[in-house]
Each structure stands twice: as structure tokens, then as C-alpha cells.
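Working notes, structure below.
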Amino acid sequence: MKFSFKKARKAQEVLKKRVKLEPLKREIKTVAGCDLTFLDPFKNPITGIGAFIVLTYPELKVVEKVYEVAEVEIPYVPGFLAFRELPLLIKAFKKLKRKPDIVFIDGHGITHPRGLGIAAHFGVITGIPSVGCAKKPLFGEFKEPCREAGCYEPILHPKTKETIGYAVRLRKNSKPVYISPGNLITPEEALKLALKTARGFKLPEPTRIAHNYLQTVRKGIIQRKLQELEGKNGS
DNA sequence: GCGACAG
DNA sequence: ATCTTGTCGC
């Protein structure tokens, strides 16, 4: 059965009704970051690797890391990233022994054409508060933040003019990141959390550490494959 | 109709 | 979603 983007769109419209932009209910003690890459990202983006890391908050010390490998079936189409990446990310998430109080996801939360980017989608199906952190804008209107670290500008919904997220500069002269609530958090709380988990890099720590960890895992898997191949050939 | 388009 | 190398700004 072929994947239907028409049905996926319908699913997003239904799930969007379950997004709650309400203040956090619990004190944040742990923050997770996650990321997904492929063994061969540009030539053959099929074998995916998904990773989750858990950090203490506000100290930002790593307390757990997990990863999972699986074939990714659905192609990437802007606006439908969740259908491609969420199945593997959820698999990795289930391996965590300590469930985090909140999760940072690579990609948008509600700053999405149908209000349900991957971070909002994750938050709705897991019931865990989530924040979207994207490296490129997708939806909404905003002004360029000033060049200093900590500068930000609201991202406004084109029709309602409501604040749905923030373009935030976490490092001086770096490109901004695009922060928006996924679920069970307000735009202002998402902004505050992004600023408080920044450590002078372009990306907030949960996202940055998850990305670094995944790079290490990916290189390890490639090395291991090369070693196996070498043993067979006796070269 | 055209351009833009998270990872 | 990657890698490598060089260059530039802070």
C-alpha cells in the first residue's frame, strides 16, 4: 500500500485539534533532545538512525543516550516530515529508561501550514511537552533578530497575527533558530527554555548534543560495516 | 499560474 | 539529512 499524502494531511488536521498550548504543569528537571540521520544521507537516505539524549535541567548534564536503526519508508515532503521521521524517533524514545519532562525536536512545532509540525505531532501522540527547534523557517511572518546572542523576534500567524513561535539568535552573528511550541507549552515558555538551554552555540544543548551523539553513532556503524567487509575479503 | 518548501 | 577545505569575523 502506497503512502497517501492526502490522508496524511487529513490526519494532521484531526491531530491539530488535540494540541494544547497551555502552561507547563510540572517543574522541568530533565530535558531531552533527539535527532535522525541516515547511513548515507544524500545518496541513499533509507537506513535511518534515530537518537535520544536526556539532560538534567538546568545543569544540562547528560544522563542517558539511546539510539535505534530502521529502514525509513516514506519520502521527505515539506510539511509532512513527521510521517517520515516519527516512527523511528518513537522507537528510540521507547528505549529511554528515564522519560524526560520535555523534549526538543528538530523541526517545527505549530509554525507549520496546518499547525502540526513534527514537534507538535510528537507531543500529541506521546502526551509529553515538546518544543520545535528548526534551522530554517517554514511558516509565519517575522523580522530579522538583531545580531547579538539572545536577540529574538516573534513569528506571527499570517492571518490571525498571533505569536506562534520565535526566531531566536542563540549565538552572536549565527543564523537564528526557529522555536515554536509543540504541545503542552506556551510560545513564551518554549522561547525561555531555548534561551536557558543555550550554551553559546547556534543550537540549544539538547539538540546540539543529540546531533553530535548521532554523528558518533553513525561513524561507528560505518566503521563496523567496513571491518566486517574486510574480514570476508581477507584484504 | 508561480514560487517556496522543516529534515 | 554529509564531508572537506579554506576563509573570515569575533
Side-chain angles (χ1 to χ4, degrees), chain A residues 3 5 8-9 12 15-16 33-52 67-90 92 103-123 130-142 146-151 155 157-158 164-182 190 194 200-204 206-208 210-223 225-226:
Chain A
F3 183 78
F5 284 97
R9 185 186 179 104
Q12 287 178 328
L15 287 173
K16 172 188 161 37
C34 61
D35 197 11
L36 190 148
T37 188
F38 297 88
L39 272 190
D40 195 350
F42 286 93
K43 288 181 182 172
N44 190 31
I46 299 295
T47 304
I49 316 164
F52 261 87
Y67 76 89
E68 184 71 59
V69 179
E71 301 301 293
V72 174
E73 317 277 358
I74 292 148
Y76 169 66
V77 174
F80 297 92
L81 176 65
F83 295 92
R84 174 168 171 78
E85 295 198 347
L86 265 193
L88 178 48
L89 285 180
I90 299 283
V103 172
F104 271 70
I105 311 259
D106 271 19
H108 290 275
I110 63 169
T111 44
H112 175 278
R114 287 168 295 284
L116 196 88
I118 187 169
H121 199 141
F122 177 92
S130 58
V131 174
C133 175
K135 295 183 286 295
K136 295 175 184 174
L138 175 68
F139 179 83
E141 300 167 345
F142 61 93
C146 75
R147 311 292 298 180
E148 297 302 311
C151 289
I155 300 171
H157 191 288
I164 53 178
Y166 291 88
V168 192
R169 187 112 48 196
L170 294 180
R171 176 190 172 118
K172 187 175 183 177
N173 290 335
S174 282
K175 287 171 65 177
V177 291
Y178 304 90
I179 301 292
S180 63
F201 297 97
K202 175 186 173 180
L203 298 172
T207 302
R208 191 179 74 88
H211 190 273
N212 288 351
Y213 170 58
L214 197 51
Q215 265 342 291
T216 305
V217 168
R218 178 173 171 276
K219 284 174 182 170
I221 292 173
I222 290 171
Q223 277 303 322
K225 281 195 182 295
L226 288 175

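Chain letters run A, B, ... following the sequence lines, proteins first, then strands; residues in each count from 1. The shown structure was predicted, so the numbers you read here are calculated from the model rather than taken from an experiment.
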Contacts of type side-chain hydrogen bond (donor to acceptor under 3.5 Å, both in side chains), residue A/E141, not counting sequence neighbours: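 side-chain hydrogen bond (donor to acceptor under 3.5 Å, both in side chains) check on A/E141 returns A/K161.
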Canonical and wobble pairing (Watson-Crick, G-U, under 3.5 Å) of DNA chain C, dot-bracket with |: ..........
For the [atom1] atom of [X] and the [atom2] atom of [Y], what is their distance to the nearest 0.5 Å?
X: A/F38; Y: A/L88; atom1: CZ; atom2: CG; result: 8.0 Å
X: A/F52; Y: A/I105; atom1: CZ; atom2: CD1; result: 5.0 Å
X: A/H211; Y: A/L36; atom1: NE2; atom2: CG; result: 10.5 Å

Touch class at under 4.0 angstrom, heavy-atom based, for A/H211 against every strand present: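 Answer is sugar-phosphate: A/H211 comes under 4.0 Å of backbone atoms only.
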Pairing pattern in dot-bracket form [Watson-Crick, G-U; both distances under 3.5 Å; | = partner strand] for DNA chain B: .......
Side-chain N,O (A/Q215) to OP1/OP2 (C/dC3) below 4.0 Å: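 A/Q215 to C/dC3 OP1/OP2: side-chain N or O found under 4.0 Å.
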Contact letters for nucleotides 5-10 of chain C, in which S counts primed atoms plus P, OP1 and OP2 and B counts the base, heavy atoms under 4.0 Å: -----S
Base versus backbone protein contacts along nucleotides 1-7 of chain B [heavy-atom cut-off under 4.0 Å; B, S, -]: ----BBB
Just jot down the side chain to side chain contact (heavy atoms under 4.5 Å, CB included) partners of [X], sequence neighbours excluded, or say none.
X: A/I222; result: A/L39, A/R218, A/L226
X: A/A149; result: none
X: A/N212; result: A/R208

Contacts under 3.5 angstrom, residues 75-85 of chain A side chains, donor-acceptor by atom type, not counting sequence neighbours:
residue	atom	partner	partner atom	Å
A/R84	NH1	A/I74	O	2.7
A/R84	NH2	A/P45	O	3.1

Residue pairs involving residues 103-119 of chain A (criterion side-chain hydrogen bond (donor to acceptor under 3.5 Å, both in side chains); sequence neighbours excluded):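 Output for this query lists A/Q12-A/R114, A/H108-A/T111, A/T111-A/S180.
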Distance-only donor-acceptor hits, side chain of residues 164-173 of chain A, under 3.5 Å, sequence neighbours excluded:
residue	atom	partner	partner atom	Å
A/Y166	OH	A/E188	OE2	3.2
A/R169	NE	A/C146	O	3.0
A/R169	NH1	A/S174	O	2.8
A/R169	NH2	A/E144	OE2	3.2
A/R169	NH2	A/P145	O	2.6
A/R169	NH2	A/C146	O	3.3
A/R171	NH1	A/G200	O	3.4
A/N173	OD1	A/R147	NE	3.3

A/T47 vs A/D40, side chain to side chain contact (heavy atoms under 4.5 Å, CB included): CA-CA, chis, key distance, verdict: CA-CA 8 Å; A/T47 304; A/D40 195 350; over 6 Å; no
Atom pair distance, as rounded to whole Å: NZ in A/K219 and P in C/dA1: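 Interatomic distance, NZ of A/K219 to P of C/dA1: 15 Å.
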Residues that A/F139 engages under ring-ring contact (aromatic ring centres under 6.0 Å, His included), provided they are two or more places apart: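 By the ring-ring contact (aromatic ring centres under 6.0 Å, His included) rule, A/F139 matches A/H157.
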A/K16 atom NZ: more than 12 heavy-atom contacts under 6.0 Å: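 No, not enclosed.
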